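What follows is a set of notes on a single structure, which appears directly below.
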Amino acid sequence: IIDVNQKLIMPGVIDVHTHMREPGITYKEDFGTGSRACAKAGVTTFYDMPNTIPTTATLESLQEKKKLASEKSIINFGLHFGGSKNDNVEEIKKVLKNSEANTVKIFMNVTTGEMLIEDNEILKKVFENSKLVLVHAEHEMIDKAIELNKNYGKGLYVCHIPSAEELKKVINAKKDGNLNTEKHPVYAEVTPHHLFLNTEIRESTERNKMLLRMKPELREKSDNEFLWEAINRGEVDTIGTDHAPHLIKEKLEKVTFGMPGVETSLALMINAYNKGKISLEMIQKLMCENPAKIMKILKRGKLQEGYFADIIVVDTKKEWIVGIDDTIESKCGWTPYENWKLKGKNIMTIVNGKIVYENGKIQENVKNGKEIEFYN
Ligand code: NCD
Ligand code: ZN
Ligand code: ZN
Ligand code: ZN
């Protein structure tokens, strides 16, 4: 981080956990709108989750998705492959062998999508045949995932940990020399919504009762506090947004799990810095450095041109109102933080050495998003 008159020059945010809804659910989001939302907010790389239609659980569907993202994304991207309830271990082997992806996401609890794996044999085989496994796991499923990683796995990344109870499980595993080793490391992800929102806020209005629903569900204020403390003790590895857009109409009609997140994540964290809740160094670690390390992102570029840069400029003192002083780029058209007064805003986004966002404007002509490269 370089501070030039309270304007920070820092690495672009890498969001390990987003649902860009393409293919199949593009009335909620697509790689164009989703990547614009990212660019606006200072995210220069997103990783997309496999619970699309079709699910990203075959080599073919992965390649098809890559093509779509390459055509439409204005920022860099990675794709998580998916474990299927119908046993797609042969596909997982192919994908990893050919380095088409280096991660596999599995769902161990009910949530949006059709990817819940309940069969223990399949779970075991997924861990045996993957490198890093990202899990949607709540409560005792976290214990199970930790156990699977220890016995069969080569790495576990626990997504969107919502509560003290659940984060403690992961922290204990991270501290245990048998459970967290170089051969099978354990990583913890926390979302902005589990830091900034809770059941009290959810229950405060009829609208919030419907809008602020996601898996894992929001927890208590005391959970927010435990998560912050754990972050400041260095016990959390990443902030991932779990950007999971649904139309407001769908959210209000019936309980629908998921909320948008990429457009507000960095600003919320800079605002928290301004309130003394976290250091800039820790924000950089959680949102830039650790994601790059955990995902094993390779530096890209040709020597004679210098390295391509993913850099953002953040005005830490700029005050603004979410949804009022900015336009919402996500196709879902809403944010759970509407009307929040924040201090701190991304003002410039540079992807692969080119400006894609500046002075409130997305550069329409720049479409240079590339698939990230990784090392093994
Ligand atoms: C996500 C979605 O909508 O795709 N929903 C959610 O509530 N978090 C799926 C997921 O991440 O569990
Ligand atoms: Zn999930
Ligand atoms: Zn529990
Ligand atoms: Zn998710």
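All values derive from a computational prediction rather than experimental measurement. First listed ligand is number 1; within each ligand, the first listed atom is number 1.
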As an exercise, identify every atom of ligand 1 less than 4.0 angstrom from a heavy atom of Met214. 7 (O)
Sorted by chain and residue number, which protein N/O/S atoms are under 2.8 Å from the Zn ion (ligand 2)? His136 ND1, His160 NE2
Looking only at side-chain N and O atoms, does Asp237 offer a donor or acceptor that is under 3.5 Å from a partner on Asn290? no
Any N or O of Phe257 that comes nearer than 3.5 Å to an N or O of ligand 1? yes
Is ligand 1 less than 4.0 angstrom away from at least one heavy atom of Arg21? yes
Tell me the closest heavy-atom pair linking Asp326 and Ile321, and the distance in Å. OD1-O, 4.1 Å
Assess the side chains of Thr33 and Glu29: does a donor N or O sit below 3.5 Å from an acceptor N or O? yes
Smallest heavy-atom separation, Ile75 atom then Ala39 atom, equals CG2-CB, 3.9 Å
With a 4.0 Å heavy-atom cut-off (strictly under), which part of Glu217 contacts ligand 1: side chain, backbone, both or neither? neither
Flag for His184-Lys154: side-chain donor and acceptor within less than 3.5 Å: no
Do Glu281 and Tyr273 have side-chain atoms, one donor and one acceptor, less than 3.5 Å apart? no
For the pair Tyr157 and Tyr187, name the ring-plane relationship: parallel under 30°, tilted 30 to 60°, perpendicular over 60°. tilted
Are His17 and His243 near enough that their ring centres are under 6.0 Å apart? no
Does a donor on one side chain sit under 3.5 Å from an acceptor on the other, for Asp242 and His194? no
I need the nearest protein heavy-atom contact for atom 10 (C) of ligand 1: residue, atom name and distance, please. Thr111 OG1, 3.4 Å
Does Asn120 form a side chain to side chain donor-acceptor pair (under 3.5 Å) with Lys144? I'd like the steps, not just the answer. CA-CA 10 Å; Asn120 283 325; Lys144 191 168 176 173; 2.6 Å; yes
More than 12 heavy atoms of other residues, nucleotides or ligands under 6.0 Å from CD of Glu289: is that the case? yes
Just jot down the ligand 1 atoms closer than 4.0 angstrom to any heavy atom of His17, in number order. 11 (O)
Determine whether the side chain, the backbone, both or neither of His160 has a heavy atom under 4.0 Å from any heavy atom of ligand 1. side chain
Does ligand 1 come near enough to Gly258 that some N or O of the ligand is less than 3.5 Å from an N or O of the residue? yes
Which segment of His246 sits under 4.0 Å of ligand 1 when only heavy atoms are counted: side chain
Contact atoms of ligand 1, heavy-atom distance to Asn51 under 4.0 Å: 2 (C), 4 (O), 9 (C)
